[in-house]
Amino acid sequence: MAAANGSAGGVDTRGEFSRIYGVLKEELLKDPAFEFTDSSREWIDRMVDYNVLGGKCNRGLSVVDSYKLLKGDNVLSEEEMFLSSTLGWCIEWLQAFFLVLDDIMDDSHTRRGQPCWFRVPQVGSIAINDGIILRNHISRLLRLHFKGKPYYADLLDLFNEVEFKTASGQLLDLITTHEGEKDLTKYNIGVHRRIVQYKTAYYSFYLPVACALLLSGEDLTNYGAVENILVEMGTYFQVQDDYLDCYGDPEFIGKIGTDIEDYKCSWLVVQALERADESQKRVLFENYGKKDPACVAKVKSLYRELNLEAIFQDYENESYKKLIADIEAQPSIAVQKVLKSFLHKIYKRQK
């Protein structure tokens with residue numbers, strides 16, 4: 001996701017957000033429910049820093065930014081800043097939990113420019129338990145800071161729902177793109193959409209705004225349309241990601257795309273399958289998912305032949321128009337502002 005505001009109203013939001021991380025981590029390292037040894041405390045300290053930090057914190061900061069827009073106030077009280085940041089960090093912890101386990105499942109090597117946690121010497125399969133601890137930290141933080149709040153049960157329910165949707169999306173992704181069962185006939189726009197919505201859109205787009213709405217005293221059952229818009233936005237964001245994986249400048253986006261080699265159910269391959277004739281499909285079936293650069297080049301050449309760049313531009317323009325219309329149909333101007341701020345961070349992004 002694109003970056004959130006660094007500062008607002010003379011307050012360094014990112015700096016304050018980072019400071020609150022230190023407070024929350026200290027609380028977890030002193031959790032009275034467990035009798036820590038020195039070595040277990042040191043392990044948790046290092047493990048949390050290694051896995052929760054290192055990202056851009058866009059999901060977490062989006063809670064703070066959305067809450068400000070909903071309140072119509074650029075400066076939050078100390079308590080409001082602390083509570084919105086705590087929910088933001090809970091989302092960052094959730095992301096860390098997913099990534100630690102995803103990397104094991106995908107047998108990945110690096111994450112955020114360093115070795116995946118399970119590949120760090122002396123960690124190995126302990127990383128599975130660390131993932132479970134990261135998930136439990138969220139419940140501990142919510143209990144510690146929100147138990148007396150009228151929306152506490154709604155917060156627990158929200159995190160449980162989003163976690164279930166994300167894990168179910170991951171399952172669909174894993175069984176669809178399963179190694180040893182490579183079958184492009186399984187790939188279509190419906191499958192791609194379902195994977196993306198459940199695996200990415202709910203926790204990346206809906207969850208931060210839902211947290212801000214609950215903090216503002218709103219009832220989420222009144223915001224079904226907002227949920228749909230944010231999930232749609234998350235889908236659009238992932239389609240952009242799939243496009244940039246192939247067409248983005250590696251120097252600029254900071255990574256070399258590998259969706260073709262990795263046999264990903266990418267938006268591009270789904271579009272190609274829909275448009276290809278029999279001989280073009282043969283090229284895809286013979287070359288997609290191979291590490292050989294010559295095979296990758298053949299797939300990219302076919303994408304050019306099918307004019308997928310122009311098809312993406314059309315998709316992007318249509319998505320934007322529809323999202324703006326749906327956003328402007330929302331009765332609350334504050335909610336419109338939140339949704340537009342999300343959309344304008346990602347529209348026509350280059351990385």
Side-chain angles (χ1 to χ4, degrees), residues 1 98 102 105-106 161-207 224-247 257-289 299-300 302-303 305-327 342-343 346-347:
M1 279 177 59
F98 290 144
D102 274 12
M105 288 180 257
D106 294 343
E161 279 292 299
V162 169
E163 183 190 351
F164 174 68
K165 287 181 191 304
T166 308
S168 301
Q170 170 73 344
L171 170 70
L172 190 57
D173 193 15
L174 290 166
I175 63 176
T176 306
T177 61
H178 202 279
E179 277 297 322
E181 286 181 36
K182 291 187 169 176
D183 181 6
L184 277 181
T185 59
K186 287 183 185 172
Y187 290 4
N188 59 57
I189 200 68
V191 168
H192 176 268
R193 186 179 182 79
R194 199 172 284 128
I195 290 171
V196 167
Q197 283 187 349
Y198 288 103
K199 188 180 170 181
T200 304
Y202 275 99
Y203 92 91
S204 298
F205 283 78
Y206 174 60
L207 183 56
V226 170
E227 178 178 341
N228 293 340
I229 290 166
L230 286 160
V231 169
E232 200 56 50
M233 226 182 276
T235 305
Y236 160 61
F237 177 82
Q238 186 59 50
V239 171
Q240 285 178 313
D241 238 32
D242 291 355
Y243 174 80
L244 290 169
D245 184 90
C246 181
Y247 291 103
T258 57
D259 282 1
I260 294 170
E261 295 94 318
D262 296 342
Y263 203 74
K264 283 282 165 66
C265 183
S266 156
W267 185 83
L268 292 170
V269 78
V270 165
Q271 295 300 320
L273 285 164
E274 271 188 13
R275 290 166 170 77
D277 61 27
E278 286 314 306
S279 70
Q280 289 170 323
K281 275 187 182 159
R282 234 183 347 267
V283 172
L284 272 178
F285 277 75
E286 285 166 11
N287 294 284
Y288 200 74
V299 173
K300 288 191 175 181
L302 179 59
Y303 286 176
E305 221 174 283
L306 294 168
N307 208 8
L308 292 192
E309 278 193 80
I311 289 158
F312 170 76
Q313 307 300 342
D314 288 347
Y315 165 84
E316 180 160 59
N317 293 331
E318 286 306 308
S319 294
Y320 181 77
K321 272 194 285 197
K322 184 179 184 316
L323 284 165
I324 285 289
D326 290 347
I327 289 168
F342 264 75
L343 183 55
I346 63 171
Y347 180 54

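FYI, the numbering just counts along the sequence from 1. Remember, predicted model here, so these are calculated numbers, not experimental data.
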Pairwise distance CG(D241) to SG(C246) - rounded to 0.5 angstrom: 13.0 Å
When you compare the side chain of Y236 with that of Y315, does any pair of heavy atoms fall below 4.5 Å? yes
Does any part of the side chain of Y247, heavy atoms only, come nearer than 4.5 Å to the side chain of L308, both counted from C-beta? yes
Do the non-hydrogen side-chain atoms of V283 and Q280 ever get within less than 4.5 Å of each other? no
Indicate whether the side chain of N228 and that of E232 have a donor and an acceptor atom separated by less than 3.5 Å. no
Atom OG1 of T166 and atom CD of Q170: how far apart are they, to the nearest 0.5 Å? 9.5 Å
Contact check, side chains of Y263 and L184, non-hydrogen atoms, under 4.5 Å: yes
Quick check: closest heavy atoms across T235 and A201, and the distance to 0.1 Å? N-CB, 4.2 Å
Tell me whether R194 at atom CZ has more than 12 heavy atoms from other residues, nucleotides or ligands lying less than 6.0 Å away. no
Smallest separation among heavy atoms of W267 and F312, with atom names: CH2-CA, 3.7 Å
Is there a donor-acceptor pair closer than 3.5 Å between any side-chain N or O of Q238 and the backbone N or O of T200? no
Short side-chain to backbone donor-acceptor contact, D262 and K264, under 3.5 Å: no
So Y243 and E309, side-chain hydrogen bond (donor to acceptor under 3.5 Å, both in side chains) or not? Walk me through it. CA-CA 8 Å; Y243 174 80; E309 278 193 80; 3.2 Å; yes
Pair E316, Y347: side-chain N/O donor-acceptor within cut-off below 3.5 Å: no
Do Q271 and I189 touch side chain to side chain, with heavy atoms closer than 4.5 Å? yes
Of all the heavy-atom pairs spanning L343 and M233, show the shortest one and how long it is. N-SD, 3.7 Å
Does the side chain of F285 reach to within under 4.5 Å of the side chain of T185, using non-hydrogen atoms? yes
Look only at the side chain of D259 and the backbone of D245, and say whether a donor-acceptor pair between them is shorter than 3.5 Å. no
Got K199 and D102 here, is their nearest side-chain heavy-atom distance under 4.5 Å? yes
For a 4.5 angstrom cut-off between non-hydrogen side-chain atoms, does I260 reach Y303? yes
Might you point out which heavy atoms bring S266 and H192 nearest each other, and give the distance in Å? C-CD2, 3.7 Å
Could you tell me which non-hydrogen atom of G169 sits nearest to which non-hydrogen atom of I195, and how far apart they are? O-CG2, 4.2 Å
Interatomic distance, CG@D326 vs CG@L230, rounded to 0.5 Å, equals 11.0 Å
Any idea how Y202 and Y198 line up, ring-wise: parallel (<30°), tilted (30 to 60°), or perpendicular (>60°)? parallel
Nearest non-hydrogen partners of K186 and V191, listed with the distance: O-CG2, 3.6 Å
Calculate, to the nearest 0.5 Å, the distance between atoms CG and NZ belonging to N287 and K300 respectively. 13.5 Å
Distance (rounded to the nearest 0.5 Å) between I346 CD1 and F205 CZ: 4.0 Å
Within this structure, what is the CG-NZ distance for the pair N317 and K322, rounded to the nearest 0.5 Å? 15.5 Å
